[in-house]
Structures are given as structure tokens and as C-alpha cells.
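So that the names make sense, note that chain A is the first sequence line, chain B the second, and so on, each numbered from 1. Side chains are part of it too, since the values below use all heavy atoms of this structure and drop only hydrogens, waters and symmetry mates.
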Amino acid sequence: MGNIFEDLLEESKIFENKDVLRPSYVPGQLPHRGEQIESLACALAPALRGETPSNIVVYGKTGTGKTATVRYVERELKDAACKVGSRCMLFYLNCEIIDTQYRVFAAVARQLSKSVPMTGWPTDHVYQEFKNALDAEGGCAVIILDEVDKLVSKGDEALYTLSRINSELKNARISIIGISNDLTFTERLDPRVKSSLGQEEIVFPPYNAVQLYDILEQRAKVAFKEGVLEEDVIPLCAAFAAQEHGDARRALDLLRVAGELAERQNSPRVRGEHVKMAKNKIEADRVAEVVRTLPLQSKLVLSSILLLDAERRKRRFSTGEVYNMYRKLSRYAGIDVLTQRRITDLISELDALGLINAVVISKGRYGRTREISLSVPSAIVKSVLFEDYKLSALAGVRLKVQMTL
DNA sequence: CCTCCACCGGAACGTGAGGAGT
DNA sequence: ACTCCTCACGTTCCGGTGGAGG
């Protein structure tokens with residue numbers, strides 16, 4: 001008795017099966033994606049007959065169900081291939097992690113139980129191994145490249161090689177499915193790759209609030225106990241997510257976190273206010289996590305912006321101002337001072353992460369620069385930044401810096 | 001209409017860590 | 001022990017540019 005885990009072990013009063021709300025979950029049915037599923041299935045059907053399907057590019061913003069749909073079709077195709085006895089393999093690669101030519105080949109070869117080191121081999125060696133593995137297996141291989149744009153940003157060699165590989169294979173054929181959330185990414189490609197890759201295009205439009213509602217309702221039935229959701233919960237989640245470009249992942253997160261918050265408060269039901277709390281919590285957690293995992297130099301840049309923000313009346317700063325502050329800070333903290341060129345890149349990264357806003361503006365006679373401002377609450381950033389022991393010394397530094405200059 | 005500021009951002013290159021083969 | 005890879009992170013060099021002020 002009195003064990004600290006006793007209370008926590010008790011069965012949830014809110015959730016029936018929380019996993020259904022996780023983004024990795026592929027449901028048995030995908031509402032409002034019938035059209036896309038059909039196009040994909042149509043395009044891939046030749047694989048079952050031993051022919052080579054066209055290459056496909058799938059477009060759509062985050063949370064429009066691209067990955068879920070493709071994985072769903074992948075599963076169905078595998079089943080079908082099993083039944084028909086057709087030799088058809090599917091490889092799912094996430095290019096956010098597998099983001100170079102080397103890694104793509106290595107990942108596929110490994111799934112065909114070849115052993116390839118993380119790094120070390122010349123790329124053409126891995127390429128050979130990759131081809132041998134495919135040829136040994138024979139049949140048709142569908143390579144799914146999730147977030148292809150990440151792969152392209154580091155040079156389009158990988159796609160170039162992949163799109164031409166069929167002429168070098170004896171027994172096997174491959175076709176590529178690229179998933180991208182950037183509609184313009186093909187324009188950065190070599191025209192030859194572009195025409196080969198984009199034989200077929202499928203677009204995923206964002207969900208509207210009504211569609212999000214359907215999705216949430218479908219999952220909520222499985223995820224929650226009967227009757228714990230108050231009526232306004234799902235519409236609220238749908239509405240919030242619809243505001244953020246119809247991102248279904250956001251909507252599901254909101255619902256899950258709202259449930260968790262209700263559970264923690266020992267509330268018997270999930271109410272609308274839990275959704276509002278969840279919205280704030282998700283944003284704060286995201287910011288905190290992003291800031292925490294920033295490299296030291298980027299943290300320093302962010303600290304500079306934070307200090308400027310606290311010292312000046314205005315809220316937007318030029319690259320020069322930020323760089324000057326950065327130099328002072330890193331000297332004070334005894335950290336190598338990087339060049340301004342490097343810092344502009346770091347600033348762009350912070351911008352891409354959504355922590356700051358950086359827009360290039362021209363001030364005419366007075367030059368051209370980025371206008372930089374913090375785009376998240378400074379309190380969250382500050383508390384996380386000064387956790388870093390190397391930066392904690394900076395917490396009380398504001399006045400000193402001002403004086404030493 | 002031209003100038004010229006204060007940067008932007010591409011390209012090429014260097015270094016050093018991490019790993020493999022011989 | 002030595003050679004040969006990739007890759008992350010920086011630096012150096014430099015051509016390019018929107019628009020206020022002359």
C-alpha cells in the first residue's frame with residue numbers, strides 16, 4: 001500500500017487507446033482521401049503485374065495525410081502482392097534522416113540484408129552493392145522517399161542516379177514515389193530528373209474544418225472512453241487546426257494533449273478549456289524543445305536577439321546590430337567568435353525554425369539588411385537558454401555588457 | 001535617373017571527426 | 001599504421017541588389 005505508482009497505474013478514465021491519436025498511426029480508413037488513394041493505387045497497380053509503375057510525386061503541406069495515405073497504400077500493395085505471389089518490394093525512406101545519396105543506397109541495401117557501414121565506403125561501392133542486392137531479389141522495387149525536398153537540398157545527384165538506374169539493372173526495376181511538402185521543389189531539379197520523376201503528380205489539398213472534424217471524430221471513437229468528450233471539444237480542435245493551414249497532425253495533437261491535461265486534473269470529462277490549454281502547452285513545449293537542442297553558437301545568436309530585445313525600445317534589429325551584440329556576448333562567454341557570413345546562415349536557420357522572423361528589407365541609402373525580431377514569447381526562450389551552463393553566466397550580464405561598451 | 005550603403009547569399013575551399021579496408 | 005571515404009561546420013572571397021537621397 002502507499003506505493004507511489006499505485007495511483008498512476010490505475011486504468012485511464014479518459015483514454016481507451018491513446019496510440020490512435022499519434023501521428024505515426026495509420027488508420028484502417030482515411031476519410032476524405034479516397035481520390036488520392038485511388039490515383040496512387042492506379043499508378044502502382046502495374047507493379048503487381050510485374051511491370052514498372054510510373055514515378056510519382058506526391059505534394060501537400062504538413063498534416064494533409066500524405067504520409068499516412070502512402071503508407072496505407074503501401075500496406076495494401078504488400079498484402080496484394082503476397083496474395084498474388086508477385087515479386088514486389090516497397091522501401092519507405094524518410095529523407096529527413098536519410099538525406100544523402102550514400103544513405104539512400106545504404107538504407108535500401110540494408111533492408112535487403114546487406115551490411116553497409118554508416119559511412120566509410122566510396123559512394124560508387126555502395127551503389128554497386130545496392131544494385132546487386134536489387135538484382136538478386138528481382139522483381140519490382142518501389143522506393144518511397146518521404147520529404148524528398150530534404151534530399152534535393154543537398155544536391156540532386158541521388159535522384160538523378162535513381163531515375164536512371166533502370167537501364168543498369170538486369171533483373172529488377174525500380175520506381176520512385178517522392179513525397180514533398182514543397183510544391184515548387186521540382187523546379188530546382190535538373191530537367192532530365194524532373195521529367196522522369198514527375199511522370200505522375202498527386203496533390204493533397206489541406207483539410208478544411210469540416211473534414212478535420214470527421215477525422216477527429218473517427219479517431220476519437222476509438223481513442224477515448226464513451227462519453228468523456230464534451231460536445232465542443234472536437235469542433236474546437238478542428239477549428240484551431242483549420243486556422244493553421246488544415247494540419248491534421250496538429251488537430252490530433254491538440255485532442256490528445258487536451259485529453260492528457262484533463263486526465264492529469266482528474267477531470268471526468270474533457271472540456272473546451274482543456275483544448276485551449278493544450279494549444280498553449282503544445283506551442284510552449286515546441287519552442288522549449290527547439291531552443292534546448294540548438295547548437296551553442298545558435299543559442300548565442302538567439303541570446304543576442306533576446307538581450308537587444310530587453311535593452312532597446314524597438315523590437316526589430318538589423319543583422320549588423322545582432323552581430324555586434326553577438327560578438328560582445330561570445331567574447332564575454334569566452335567562446336569563439338564566428339564571422340558575420342556564418343552568423344547570417346545561423347540567423348536563417350533560426351528563422352526557418354520559427355523562433356525569429358527575419359525579412360530582407362532595403363533601407364535605401366542606408367543599405368540592405370535583414371530585419372530580425374523574436375517571434376515567440378521571450379520568457380520561454382530565456383528560461384531554456386540560461387539552462388545551458390555555458391550561457392547561464394550571461395543571465396545577469398545585461399548591465400555589464402552595456403557598461404563595457 | 002543614378003549612386004551607393006550594408007548587407008545578402010553563392011562558390012570554393014579547409015579542417016577535423018568518424019568510420020572502413022588493407 | 002596508413003589510406004580513403006563522407007559529412008558537419010567554418011572561412012574567404014566576391015558579385016549582386018532595393019530603394020532613399022542626392
Residue-phosphate contact under 4.0 Å: [X] side-chain N/O, [N] OP1/OP2:
| X | N | value |
| --- | --- | --- |
| R370(A) | dG9(B) | yes |
| T339(A) | dT11(C) | yes |
| R342(A) | dG10(C) | yes |
| S318(A) | dA6(B) | no |

field: Ring centre gap for F204(A) and Y59(A) strictly below 6.0 Å
entry: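 Centroid distance F204(A)-Y59(A): not below 6.0 Å, so no.
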- request: Could you tell me whether K61(A) and D247(A) make a salt bridge, using a distance below 4.0 angstrom between a side-chain N and a carboxylate O?
  value: no
d([atom1], [X]; [atom2], [N]) in whole Å:
| X | N | atom1 | atom2 | result |
| --- | --- | --- | --- | --- |
| E349(A) | dC9(C) | CD | C1' | 10 Å |
| K363(A) | dA20(C) | NZ | C1' | 12 Å |
| I335(A) | dC9(C) | CD1 | C1' | 16 Å |
| Y102(A) | dC7(C) | OH | P | 8 Å |
| E371(A) | dG19(C) | CD | P | 13 Å |
| E129(A) | dC5(C) | CD | C1' | 16 Å |
| D345(A) | dG10(C) | CG | C1' | 10 Å |

- request: Please confirm whether any donor atom in the side chain of R341(A) sits under 3.5 Å from an acceptor in the base of dG10(C), or the reverse.
  value: no
query: Distance only, no hydrogens: is a donor on one side chain within 3.5 Å (strictly under) of an acceptor on the other, for S304(A) and R327(A)?
result: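 Not at all, the side chains of S304(A) and R327(A) share no donor-acceptor pair under 3.5 Å.
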- prompt: Is it the case that D146(A) and T67(A) place a side-chain donor and acceptor less than 3.5 Å from each other?
  reply: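 Note: D146(A) and T67(A) side chains meet the donor-acceptor criterion.
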